[in-house]
Each structure stands twice: as structure tokens, then as C-alpha cells.
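Here is the structure we will look at, set down as C-alpha cells.
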Amino acid sequence: DRARAGRNFERCNRFSDAAECLAGAGEPEREAELLSRAGQKLRAAEIQLANGLEEEAIKVLQEVEPEHADFTKASAILGEIFRKHGKLSLAIKKLTHAIGSSSVSRDNVQAFYSLATVYEASQEVQEAAELYEKILAFDYQYADVSERLEKAREELANALAQEGER
């Protein structure tokens, strides 16, 4: 049976193989734990999130090292979780760290988008608009960026008009 095979692989420190067996055995929590032990933190966290284990996923995502290839995506996911819980300044810090001085690319466009939506949610419309423009310059069809940029520009124009009335 798959669960027994998974336990045997685990005893041999073959955590990826063990996780694969447990995935087929319907044990997602254990699968995620073994993937994390195998160094596949992002995949482990994705499984945890899919199974409602958000706190566990946060812990695993925070273990992804900055030099790891999955760091930017892990940070984007963390930023989204923090935004969802209203921890906007924490989300901004995590996403800003993940992006660093990088230009928008396939590997980090989700982090740029997440950061822009967090800026938007925290009423930092100018910063959001600047990031939306960078995303559109990279991929004109990305998600709902065109609509969000238009809305941000309207908010900025309204703010300027209100200042002019004072």
C-alpha cells in the first residue's frame, strides 16, 4: 500500500519519494511535511494552503531562503496572505524585499502585482500606479492591471483636483 511505501521511503530519508506515495494515499498534511523536509518548501506550502493549513504554510514559506529560486514566489504568496489579513505594512516589507531592485520578469511578475495591490489597499495609489505601469510595459494583458491602473489614475486625478480646490 502507498502509505506503507511512503513510511519506508521516509525511513531511508527519501522524503520526495515518501511525499509522492502519501499524495496518492490521500495524506496531504503528511505529504507537505515530507516535501518541506526534502527542501521543496514552496510546493509544501501550496499543498498546505489548498488544505486550509494557512499558519503552517506561512511558517514553511518563511523558511525559503532569499537565494533560493522559489523565494520571490514564496514572498508573493506570503504578501497575499498578509494582505488578506490586513497586515499591509508586513506585506509591503515582504514583497519589497522579494522584488529588490529587479525589473519585472516572468519569475517575479506575481510579486510586482501583489505589491501593487497592497499599495492600492493601503491608499498608496501613486506607488500602485507606478508598479502597474511597469507590469503593463512587461505584459500588457497581465491579469486586471489595465483596469487597476485606470482606477488608480482616476484616484490620483481626483486627489489633485481636490487639492486645487483648497
Side-chain angles (χ1 to χ4, degrees), residues 6 9-23 27-149 152:
F9 278 128
E10 183 180 5
R11 281 190 207 103
C12 298
N13 293 329
R14 292 177 54 187
F15 301 119
S16 292
D17 293 327
E20 188 177 325
C21 288
L22 292 176
E27 295 186 39
E29 288 181 47
R30 193 80 179 100
E31 175 192 5
E33 177 189 331
L34 291 166
L35 284 170
S36 180
R37 289 177 70 188
Q40 298 179 38
K41 308 255 183 224
L42 181 62
R43 180 72 188 119
E46 289 170 338
I47 291 167
Q48 290 167 325
L49 287 171
N51 286 281
L53 304 169
E54 194 170 82
E55 290 300 317
E56 292 86 343
I58 290 170
K59 181 178 183 284
V60 171
L61 289 167
Q62 289 180 322
E63 292 173 359
V64 177
E65 297 292 332
E67 58 276 354
H68 195 280
D70 291 337
F71 180 74
T72 302
K73 186 165 185 189
S75 295
I77 294 169
L78 277 170
E80 283 297 312
I81 293 169
F82 295 150
R83 182 184 62 78
K84 184 174 82 173
H85 291 289
K87 298 175 180 176
L88 301 180
S89 65
L90 189 56
I92 289 170
K93 286 177 185 161
K94 190 64 182 173
L95 291 164
T96 302
H97 181 101
I99 291 169
S101 60
S102 301
S103 298
V104 182
S105 70
R106 278 285 150 234
D107 294 331
N108 66 14
V109 67
Q110 180 59 43
F112 272 88
Y113 179 78
S114 295
L115 181 57
T117 62
V118 173
Y119 276 138
E120 189 178 346
S122 63
Q123 304 302 310
E124 296 181 50
V125 182
Q126 182 64 45
E127 290 83 352
E130 289 172 10
L131 288 174
Y132 289 141
E133 287 173 354
K134 288 180 181 181
I135 294 167
L136 283 179
F138 172 73
D139 180 349
Y140 194 74
Q141 301 298 322
Y142 193 81
D144 60 349
V145 173
S146 293
E147 295 84 12
R148 286 180 175 272
L149 178 58

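FYI, side chains are in, hydrogens and waters are out, and symmetry mates aren't considered; it's all heavy atoms of this structure.
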Here the gap from S75 atom OG to F82 atom CZ, rounded to the nearest 0.5 Å, amounts to 9.5 Å
Heavy-atom check, side chain of N13 versus side chain of F15, under 4.5 Å: yes
Compare every heavy atom of A129 with every heavy atom of A152, then report the nearest pair and how far apart it is. CB-CB, 4.1 Å
Just verifying a value: how many Å separate L61 CG and F71 CZ, rounded to the nearest 0.5 Å? 10.5 Å
With a 4.5 Å cut-off on side-chain heavy atoms, are D144 and Y113 touching? yes
Where do A111 and L95 come nearest, in terms of heavy atoms and distance? O-CD2, 4.0 Å
What is the distance from atom CD1 of I99 to atom CG of L131, rounded to the nearest 0.5 Å? 6.5 Å
Looking at every non-hydrogen atom in both residues, tell me the closest pair between S114 and A76 and how far apart they are. OG-O, 3.9 Å
Does any non-hydrogen side-chain atom of Y119 lie less than 4.5 Å from one of L115? yes
Backbone N or O of E33 within a donor-acceptor pair of the S36 side chain at under 3.5 Å? no
Which heavy atom of Y132 sits nearest to which heavy atom of A116, and what is that distance? CE2-CB, 3.3 Å
Among pairs that include at least one residue of residues 128-137, which meet salt bridge (Lys or Arg N to Asp or Glu O under 4.0 Å), considering only residues two or more places apart or in two chains? E133-R153
Give a yes or no answer on whether the side chain of T96 reaches the backbone of K93 with a donor-acceptor pair at less than 3.5 Å. no
V60 and L35, any side-chain heavy atoms less than 4.5 Å apart: no
Side chain H68, main chain D70, donor-acceptor under 3.5 Å: yes
Could you go step by step and tell me if Y142 and Q110 meet the side-chain hydrogen bond (donor to acceptor under 3.5 Å, both in side chains) rule? CA-CA 9 Å; Y142 193 81; Q110 180 59 43; 2.9 Å; yes
Atom pair CG (L49) and CD1 (I81), whose distance is rounded to the nearest 0.5 Å: 4.5 Å
Looking at side-chain heavy atoms only, is the closest gap between V64 and L78 below 4.5 Å? no
Pairs touching residues 71-85 that satisfy salt bridge (Lys or Arg N to Asp or Glu O under 4.0 Å), sequence neighbours left out: E46-K73, E54-K84, E80-R83
State whether a side-chain donor-acceptor pair under 3.5 Å links E20 with S16. no
Salt bridge (Lys or Arg N to Asp or Glu O under 4.0 Å) pairs, two or more places apart, involving residues 112-126: E120-R148, E120-K151
Using a 4.5 Å cut-off on heavy atoms from C-beta on, say whether the side chain of P66 contacts that of H97. yes
Do the side chains of K94 and L90 get nearer than 4.5 Å, heavy atoms only? no
Tell me, do V118 and I92 make a side-chain contact under 4.5 Å, heavy atoms counted? yes
Looking only at heavy atoms, which two atoms of N108 and S103 are closest? And how far apart? ND2-O, 3.0 Å
Closest non-hydrogen atom pair, I135 against V109: CG2-CG2, 4.1 Å
Before giving the answer on side-chain contact (heavy atoms from CB on, under 4.5 Å), spell out for I77 and L42 the whole-Å C-alpha distance, their side-chain angles and the decisive distance to 0.1 Å. CA-CA 9 Å; I77 294 169; L42 181 62; 3.6 Å; yes
Starting at CZ of R43, measure out to CD of Q48 and round the result to the nearest 0.5 Å. 11.0 Å
